[in-house]
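Data block below; observations after.
In the text below, chain A, chain B and the rest are named by the order of the sequence lines, each starting its count at 1. Source: prediction; values computed, not measured.
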Amino acid sequence: MRYWLMKSEPADCSIDDLAARPDQSVPWYGVRNYQARNFMRDTMRPGDLAFFYHSSCAHPGIAGIARIASLAYPDATQFDPASPYHDPKSTPESPRWFNVDVRFERKLSLIPLARLKSVPELSGMRVLQPGNRLSITPVTPEEWAFITGRLAGQ
DNA sequence: GCCAACGTTGGC
DNA sequence: GCCAACGTTGGC
């Protein structure tokens with residue numbers, strides 16, 4: 001089993017939005033970066049755990065935990081001309097973009113980005129590296145254990 | 001709103 | 001294949 005960190009803009013889908021959804025799950029559509037796509041398509045497996053991270057907002061940080069709930073399958077929004085994620089170069093015969101389903105696991109009291117950055121044990125964390133923009137990044141078992149065990153307040 | 005960092009595009 | 005231009009990300 002692997003661990004991940006997945007960014008979501010809470011204005012689009014917050015941890016509370018995820019918890020309130022039918023089945024408490026959501027297709028993680030809209031990823032249009034090849035590296036993040038490859039993580040979903042090639043490495044993620046159902047049962048993997050992910051930090052649910054709030055980005056591009058007033059209080060960026062880890063807001064909860066989610067579980068990968070499906071293998072990757074073609075992202076429907078790429079074929080929808082009305083979607084902002086429409087990709088005219090993609091075809092159903094040869095889809096370019098994929099998504100997994102993500103299910104709510106539990107909420108955490110927010111672990112702010114500044115807190116994560118202040119911890120020496122997490123200095124190597126992928127998402128904290130300067131210039132990182134990937135919306136999906138791997139988390140090591142050590143990082144996962146440290147954050148859930150030492151930084152998560154509940 | 002600013003801006004640094006990064007990925008993608010497209011001309012050559 | 002190079003690389004400049006452009007668009008996006010995301011913290012501040």
Side-chain angles (χ1 to χ4, degrees), chain A residues 2-21 25-44 48-68 72-140 142-144 146-148 150-153:
Chain A
R2 297 176 195 269
Y3 299 102
W4 306 94
L5 182 143
M6 303 176 80
K7 297 180 186 175
S8 181
E9 300 188 15
D12 293 337
C13 181
S14 70
I15 188 74
D16 290 325
D17 293 333
L18 179 63
R21 283 186 61 90
S25 78
V26 69
W28 205 259
Y29 61 81
V31 170
R32 294 296 180 267
N33 170 283
Y34 288 104
Q35 218 177 335
R37 177 203 68 180
N38 293 346
F39 282 142
M40 284 198 286
R41 190 189 60 186
D42 304 335
T43 317
M44 273 188 180
D48 287 1
L49 289 169
F51 288 127
F52 192 104
Y53 179 93
H54 284 177
S55 71
S56 293
C57 58
H59 303 290
I62 293 171
I65 292 176
R67 192 176 287 277
I68 307 308
Y73 58 92
D75 178 338
T77 62
Q78 69 195 307
F79 308 123
D80 177 3
S83 169
Y85 300 114
H86 180 231
D87 184 346
K89 294 178 184 169
S90 189
T91 65
E93 295 73 30
S94 179
R96 183 181 290 195
W97 305 112
F98 291 79
N99 66 254
V100 296
D101 291 339
V102 165
R103 178 167 293 128
F104 177 78
E105 188 75 16
R106 64 191 165 106
K107 195 174 169 178
L108 300 174
S109 53
L110 186 81
I111 306 170
L113 174 60
R115 180 87 199 282
L116 298 171
K117 282 182 173 172
S118 75
V119 176
E121 286 87 343
L122 299 178
S123 61
M125 203 174 172
R126 184 81 170 262
V127 74
L128 301 180
Q129 300 315 302
N132 169 75
R133 294 192 318 176
L134 268 184
S135 63
I136 298 174
T137 48
V139 172
T140 69
E142 293 77 16
E143 291 161 351
W144 184 273
F146 186 87
I147 292 170
T148 55
R150 303 277 298 279
L151 298 187

Nearest-angstrom distance from the residue atom CG of A:Leu128 to P of C:dC12: 11 Å
Closest to the A:Leu113 side chain, choosing from C:dG7, C:dC12, B:dT8: C:dC12
Would you say the side-chain atoms of A:Asp48 pair up with the backbone N or O of A:Arg2, donor to acceptor, closer than 3.5 Å? yes
Taking the six-membered ring where the residue is Trp, are the ring centres of A:Phe52 and A:Trp4 under 6.0 Å apart? no
Whole-Å distance separating the CG atom of A:Leu134 from the C1' atom of B:dG7: 10 Å
What's the closest nucleotide to the side chain of A:Lys7 if the choices are B:dG10, C:dG10, B:dT8? C:dG10
Atom CZ of A:Arg37 and atom P of B:dT8: how far apart are they, to the nearest Å? 10 Å
So does A:Arg32 pair up with A:Asp75, basic N to acidic O under 4.0 Å? yes
Nearest whole Å is fine: how far is B:dA5 P from A:Gln129 CD? 14 Å
Any donor-acceptor pair under 3.5 Å linking the side-chain atoms of A:Ser14 with those of A:Asp17? yes
Roughly, in whole Å, what's the span from CG in A:Asp87 to P in B:dT9? 9 Å
Rounded to whole Å, how long is the line connecting atom CZ of A:Arg126 with atom P of C:dT9? 18 Å
Closest-nucleotide mapping onto DNA chain B: is A:Lys89 or A:Asn33 further toward the 5' terminus? I mean the 5' end. A:Asn33
Take atom CZ of A:Arg32 and atom C1' of B:dT9, then tell me their distance rounded to the nearest Å. 17 Å
Under 4.0 Å from OP1 or OP2 of C:dG11: is there any side-chain N or O of A:Tyr53 that close? yes
In whole angstroms, the gap separating P of C:dT9 from CD of A:Glu9 amounts to 7 Å
What residue among A:Ile147, A:Thr140, A:Asn132, A:Thr137 forms side-chain contact (heavy atoms from CB on, under 4.5 Å) with A:Met125? A:Ile147
Of all the choices, C:dG10, B:dT8, B:dG7, which nucleotide is nearest to the side chain of A:Gln35 once you look at every atom? B:dG7
If you check the A:Arg133 side chain, which of C:dC12, C:dG10, C:dT8 turns out closest? C:dT8
